[in-house]
Amino acid sequence: MRLKDNEAIARQSKELATIVTQMPVELKPDDCRVSQYDRNKVTELFRELEFASLLPKLPQMETETGVAASLEVKPPEGDYKIVSNTKDLDRLVKRLSAAKTFAFDTETTGLNPMTAGLVGLSFSPAAGEAYYVPVGHVGLDPIGQLPLEEIIAKIKPLLEDKKLAKLAHNGKYDMTVLAQYDLAVQNLSFDSMIAAYLLGEKSMGLKNLAFARLAVEMTPISELIGKGAKQIPMSQVEISRAADYASADADMTLRLAEIFEPELKQQGLWQLFAEVEMPLTPVLMSMERNGVALDSDLLKQMSKRLGEQLLKLEKDIYDNVGHQFNINSPQQLSNVLFEELGLPTARKTKGGYSTGASILEELRGVHPVIGFILDYRQLSKIKSTYIDAMPSLINPRTGRVHTSFNQTRTATGRLSSSEPNLQNIPVRGEMGKEVRQAFIAAEGSYLLSADYSQIDLRALAHLSQDKSLLDAFRHDEDIHSATAAQVFGVDPGKVTPEMRRTAKTVNFGVIYGMSDYGLEQATGLSREEAAAFINAYFEKYPGVKQYLESTKEKARKEGYVQTILGRKRAIPEINHSNRQLREAAERMAINMPVQGTSADIIKVAMINLDGEMAKRQLKSKMLLQVHDELIFEVPRAEQKEMGKLAAELMSAAIELSVPLKVDVKAGPNWGEMEP
DNA sequence: ACACGGCGC
DNA sequence: TATCCGCGCCGTGTA
């Protein structure tokens, strides 16, 4: 079920949306947060969405009109108070102190926590009890505000007190905002967004969760600040209205935590939550706040140079084709190549024939324009995505780019990075390298990179306990060469580069659930050769084959698969009657435990490293994580110690049946690093 | 808003 | 018989 389906349904009927939100989890009567619903409508909807098999699980009708009695959706209700004088503020501080645990939330002027201004703070020490402290509202308002300094001075000791447990929804955001006010939140012990993520909720927004899990329909923020061009900042919203809104946020966060905590425990996810995900949040916050420095001059110079090269390529392309057109439009390009020039076609898309790189690559020799187009594509991608877009993301205050690491985005447990995505900076090719050279270390420092060698395959070796794979890693063999030797049946010394390349493709292919068709596409092999290779592979690695089977079996039986730390991914379509959907589900089931175990490992490493760096009072800073790699900014004097520490703690993060090997490099920028 | 294409691991 | 190998984010064109 995709989110957009839910949203479309939600527009028509909130009640149906609620039911569908619960899908495809087994429905219990309690899950229907509606006063009534029309069973015919639901039936129709489920058939349309191919959920007919779940119809018997719908709560039974209790009346002849087909109306089931259940919970009712309500607006947020509670005792919400505004704190705008010293006496009330002092009282609030005492109340929160006594509670030992409280939820909090911030209202700000924007979405970017690095630049947003604080508008107000809300607190909830108990369900149905919340307080709003306005600090940054502007304009005339019948309700007053205390001075920012007084509020910070009194709230700071609470938020910085390690003995008081804080709850928040997307707490990294609030912590980052408050950090700009020199307030370092300690002991964020429960983030309801992360809890929802681990529990496999479809939508992680507070409003959606409150609706689906608490039967509370919260006010959308657009009701306060508007939307589109007519938006106003929260600072211009009346205090009384902001207070209700913000109080509900803190209140619902607390209530969600109360139901999520037992669920996490019951599902065996508590340790992952409390000892990995929650401790990771402040580490990510500091990485984001650290940011990374850019060589703006180099970017400018590259932009100019690439612009000139692109103009030349454009001319070459137009000359070859005979007229001008928009090369960036796949549709127009398809027309030119396949209609006008009559080149052989491959895959079809909606707008015409596919013009992807792998297809153009096949046509390289057929027409001289193809080479120019491929070059154009490559340069244009690098220029627009990685060069021209970057300067606008430099924070004027820090002069650095501060990516955002999202902890609740991926299906496997990996992090993702956005605004900008620093996890997909080019690395291959001349130009790719040059882009990386624009990511530089501060004066007197180096960038240091520590990356896991073959972590996914090591995770596979551990999970599958395949004897040959374990052996290969225990003897620190070149795994792709070892695979090639095994599968081609030659001596390790006799493996050709070609053989190794094929073996490498297959090693990765296994992790992705590759078919003979997939292998054929990815290599030059014929279908038969590909199938034979895969067969030979599984004969040499029977443990891997067995593991893949048992993983799929687990998904079929339990409905989910897991990583080494118990992280779960639901695989709802594993038993689907549509073969394509079912096989796609199988590939997800195979891939998630491997990719997710790697993610578990590096997360633990990050937490341990952050702790040890603080303990040793190192000046080095963790800047980036790129799935199997950590990048630090390291004063020259700490380079040796930091390299050793990173390698040690990354290797020791989680003990597997095979060693975890870590390679360390350093240099003045991300593009020029040496061991 | 969506599809395509393309960058990373 | 035909067949998209997993996970992301983002710029561009098209609607």
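Quick note: numbers below take in every heavy atom, side chains included, and nothing from hydrogens, waters or symmetry partners. We name chains A, B, ... by the order of the sequence lines, and we start the count at 1 in each one.
Using a 4.0 Å heavy-atom criterion, one finds that A:Ile511 contacts no nucleic acid atom at all. The residue A:Thr355 sits close only to the backbone: its heavy atoms come under 4.0 Å of sugar-phosphate atoms, none of a base. A:Val427 comes within contact range of the sugar-phosphate backbone alone, with a heavy-atom separation under 4.0 Å but no base atom that close. A:Ala584 comes within 4.0 angstrom of nothing in the nucleic acid, heavy atoms only.
Side-chain atoms of A:Asn424 and base atoms of B:dC7 include a donor and an acceptor less than 3.5 Å apart. A donor and an acceptor atom sit less than 3.5 Å apart, one in the side chain of A:Arg414 and one in the base of B:dC9.
For A:Thr410 and C:dG8, the shortest distance from a side-chain N or O to OP1 or OP2 is not below 4.0 Å. In terms of phosphate contacts, A:Gln423 brings no side-chain nitrogen or oxygen within less than 4.0 Å of OP1 or OP2 of C:dC7. Contact annotation: A:Arg579 does not reach the phosphate of C:dT1 (side-chain N/O to OP1 or OP2, under 4.0 Å). Contact annotation: A:Ser329 side-chain N/O to C:dT12 OP1/OP2 distance is not under 4.0 Å.
Per the geometry, CG belonging to A:Leu393 stands 15 Å off P belonging to C:dC9, to the nearest Å. As rounded to whole Å, 7 Å separates atom P of B:dG5 from atom CD1 of A:Ile359. Distance CG (A:Asn591) to P (C:dG8): 10 Å, rounded to an integer number of Å. Rounded to whole angstrom, the span from the CE atom of A:Met592 across to the C1' atom of B:dC9 amounts to 16 Å.
With respect to the salt-bridge test (charged N to carboxylate O, under 4.0 angstrom), the residues A:Lys172 and A:Glu288 qualify. At a threshold of 4.0 Å, the pair A:Arg579-A:Glu583 counts as salt-bridged, since one of the basic side-chain nitrogens sits closer than that to a carboxylate oxygen. Between A:Asp478 and A:Arg500 a salt bridge is recorded (basic side-chain N to carboxylate O distance below 4.0 Å).
Of the candidates C:dG13, C:dG8, B:dG8, C:dG13 carries the atom nearest the A:Asn326 side chain, counting heavy atoms from C-beta on. Closest approach to the A:Gln580 side chain among C:dC9, C:dG6, C:dC4 is made by C:dC4 (side chain taken as heavy atoms from C-beta onward). Set against B:dG6, C:dC10, B:dC7, the side chain of A:Arg377 has B:dG6 as its closest nucleotide.
Nearest-nucleotide positions on DNA chain C for A:Gln595 and A:Asp516 put A:Asp516 closer to the 5' end.
Of the N and O atoms on the side chains of A:Asn406 and A:Ser416, not one donor lies less than 3.5 Å from an acceptor on the other residue.
Although no hydrogens or angles enter the test, the distance criterion places a donor-acceptor pair under 3.5 Å between the side chain of A:Lys603 and the main chain of A:Gly413.
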